[in-house]
Amino acid sequence: MDRPESLTEAAYRHALDTWVSSSRQAVWLLDAAGRILAQSSIARGLAGDASAQDRAPDACSPPRQGASSPQSGECARFPECLAQTLELESSGRLSAALQDAQAGDPIRLDIELRNPGHVVRVLDTTVKWLAPANPRASATHGAPGEPSCASEPRWLVEALDVTERRRLELATRERAVRLSAMLESTLDAILEIDEHRNIRSFNAAAAAMFECSTQDALGSPLDRFITGSIPGLDEADPEQALSPAEPPGRQAEAGIVQGQKQNGEPFPLQVTITENRSGDATTYTAILRDIQRSSESATQLRAQRNFAQKLVDTAHVLVLILDPAGKILQSNGFIERISGFPPEELEAKDAFEHLLPAEERTRARKTFAAVLRGEKPGRHVHTLISRSGEKHVIEWWDTMLLDADGELLAVLCVGHDITSHRKTQRALRQSEHRAREMAEIASMSTLAAGLAHDIGTPMNIILGYAGMLEESLELERDRHRAHIICEQVERVRNLMHTLMNLAQPSPDSRAPVELAPLLTSVLDLLSDRVEKHSIRVLVSLQAGLSIMGSFERLERAFLNLLVNAVDAMPDGGELRVSLEPGSKPGGIQVEIADTGHGMTAAVRERIFEPFYTTKPLGDHPRSGNGLGLMVTRSVILDHGGSIEVESQPGRGTSFRIHFPGSANEATKSHA
């Protein structure tokens, strides 16, 4: 507000104060020193408490009569009154504007305020220099920041809060940028057409579709690229045309038109026209899609999918496609052959809960989660349970299926049924183990036979002369000593006889041996020892089970096992002897179990080694030579059987002997 020449200074100040106090925006009135003479209530609100803290009474100009204290007599410097909220950059630009405004032209700029909650407010600010009525008086006034007692207004600062408007402008620009990027990146051709059917915009997809640059297409008539009538645009198609009476933005139904590339090559297009009205102006947006390419692509895609599906369904592998939660999205026909579950029944089922045994589910889920994280290779082996309860060992390979952005879509699981392979490997290992055992026995037998032959002859001579010496001695003490010599030599002879039998078993003729009577006979031989140690015997022998073999050798083998069981229970216990059909067709199982002192794992691994024993050595009644179990195993293996042992310290021992039960198998094994 410039001061009219006819208006006195007092009247001019009063008018300014009144205008400032009634202003609906932020207004500051400054003197030549940059001190605030008056400010509106909105300006005071923007400054907060800063102006109150910085305000100092004007010693040179007492408050004018009739002026309200919030607007008059305030000598705080500007823009220090906004120091708590004014951005540093804005403060510098505002101070510079106060200087530049003295040139005569108003200065307009944006400043930013930030309140304690860090909310930014944008002010559209105008700084105006108020020229003095008497130009000569201006020489007495200093620049902002210099001491001055002049009270005549020199600067008028007006600020309008445009925060919301700036936010909307920014959002509008961002939307325009996103829309432009979307139009340029879409696969559909998008054209904007004016009311004269001339092209106003032509996106990148349109340039690729019509093989024409955007610059060349702009301003061209639409008929250059589309021939014939256009649904929703041409009056020649009144049923499809958009009526001017329709509401703005009405979208027509998609129609098929004939497109034409820049070189004249025709191709079919699907077109959708949308009308846009703004006042009296009308434009149209056309969205075009090359249906010929889409149709060809769809046909190729269907062919590829059909081929892939046939390939998967005919492959002799299990195929599962799982989502990241382990739910089955798709499976192939081979899964049905193995599991008995058709693909439609498996769909949406939890693969781990539906196909795996309970004891393997936790491990399988951990493996699957690690595969999803890329922490371990996707190979793992699990058991698959079929509908009938049959178990199959499956080796799985997992591969993550990712989209173009690298995001996980699903997991492809390809499995191979290795059940028969595992059985073959197990049988091969058993055969190799048995071959090694037989080789060890053969080697030990050869050594034992040589020792027995070399030791046997002198032992017979010693035994003969010791007997003659015993008969010729007169003193009882001497005869007793000679008798001890005879007993010990006899023990050596028995040991040599055992070794000879082990090394070169007698050429016994094989015949059917019924095992129930054989076991009963062996138990009768031990009846006195069993009764002496108060051992309870439980016998369960099924009659009619026989094998091809040697009765004497089998009797010696079972006797060794039963003697060991009785010796393991010196203070009594329970002895169980059972004979029943085995798990395999035609097989036979014999079990001899005791409740004696049992064995540790270390002892259990060595009990079939020659000369290894846990019994006392020497003349002890329960002494052993470490050959009993070795002979027993040799006899059982020679009859085509196998022996297993289970034992725990303090909980007894159980021997299980398995025979094939077939004369052919026994003979074949013996050969």
Side-chain angles (χ1 to χ4, degrees), residues 441 443-506 508 521-535 552-573 575 594 596-597 599 603 606-635 653:
I441 292 175
S443 176
M444 185 59 63
S445 299
T446 302
L447 174 63
L451 290 174
H453 181 272
D454 293 341
I455 297 175
T457 300
M459 285 297 103
N460 287 331
I461 296 173
I462 293 172
L463 183 60
Y465 278 101
M468 294 171 59
L469 182 63
E470 181 182 1
E471 293 176 359
S472 64
L473 293 174
E474 296 181 357
L475 296 177
E476 180 65 27
R477 182 181 62 182
D478 295 335
R479 287 198 302 272
H480 177 68
R481 290 171 178 171
H483 180 72
I484 291 175
I485 294 174
C486 291
E487 285 183 343
Q488 295 304 314
V489 172
E490 187 65 32
R491 288 190 62 188
V492 173
R493 287 186 60 195
N494 290 336
L495 177 60
M496 293 302 101
H497 181 70
T498 300
L499 292 174
M500 290 291 291
N501 287 337
L502 178 63
Q504 297 176 348
S506 59
D508 54 292
S521 173
V522 175
L523 286 170
D524 290 341
L525 294 175
L526 296 174
S527 58
D528 291 340
R529 297 180 66 177
V530 168
E531 184 177 353
K532 178 181 178 181
H533 293 289
S534 302
I535 296 174
E552 290 77 11
R553 298 184 67 203
L554 288 170
E555 182 182 48
R556 180 59 184 267
F558 287 124
L559 181 61
N560 286 338
L561 293 174
L562 288 169
V563 167
N564 287 343
V566 172
D567 289 345
M569 298 182 289
D571 299 325
L575 174 64
D594 64 69
H597 47 67
M599 295 178 284
V603 172
R606 301 189 58 191
I607 57 174
F608 294 115
E609 295 180 6
F611 304 111
Y612 178 79
T613 181
T614 58
K615 295 181 179 180
L617 300 176
D619 294 333
H620 194 278
R622 294 178 55 245
S623 64
N625 53 35
L627 293 175
L629 288 178
M630 179 183 175
V631 171
T632 297
R633 186 181 65 164
S634 177
V635 171
T653 302

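This one's a predicted model, so the numbers in the text were calculated from it and none came from an experiment.
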- 4.5 Å side-chain heavy-atom contact, Asp478 and Leu469: no

- Task: For the pair Val530 and Val566, evaluate side chain to side chain contact (heavy atoms under 4.5 Å, CB included) and give the outcome as yes or no after the intermediate values.
- Result: CA-CA 7 Å; Val530 168; Val566 172; 4.0 Å; yes

- Task: Find the distance between CZ (Arg529) and NE2 (His533) and round it off to the nearest 0.5 Å.
- Result: 6.0 Å

- Closest approach of Gly467 and Cys486, non-hydrogen atoms and distance? N-SG, 3.7 Å

- Note on the structure: One should read off an interatomic distance between Leu526 CG and Leu562 CG, to the nearest 0.5 angstrom, of 6.0 Å

- Query: Are the side chain of Arg479 and the backbone of Glu471 linked by a donor-acceptor contact shorter than 3.5 Å?
  - Reply: no

- Passes side chain to side chain contact (heavy atoms under 4.5 Å, CB included), Ile485 versus Arg481? Steps please. CA-CA 6 Å; Ile485 294 174; Arg481 290 171 178 171; 5.7 Å; no

- Note on the structure: Smallest heavy-atom separation, Ala482 atom then Leu473 atom, equals CB-CD1, 4.2 Å

- Task: May I have the step-by-step check of side chain to side chain contact (heavy atoms under 4.5 Å, CB included) for Asp594 and Asn564, ending in yes or no?
- Result: CA-CA 9 Å; Asp594 64 69; Asn564 287 343; over 6 Å; no

- Task: Show your working on side chain to side chain contact (heavy atoms under 4.5 Å, CB included) between Leu561 and Leu629 and close with a plain yes or no.
- Result: CA-CA 7 Å; Leu561 293 174; Leu629 288 178; 3.6 Å; yes

- Item | Gap between atom CD1 of Ile535 and atom CG of Asp571 - 0.5 Å precision | 10.0 Å

- With Val635, which of Arg556, Glu555, Arg553 fulfils side chain to side chain contact (heavy atoms under 4.5 Å, CB included)? Arg553

- Note on the structure: Here the gap from Asn560 atom CG to Arg633 atom CZ, rounded to the nearest 0.5 Å, amounts to 13.5 Å

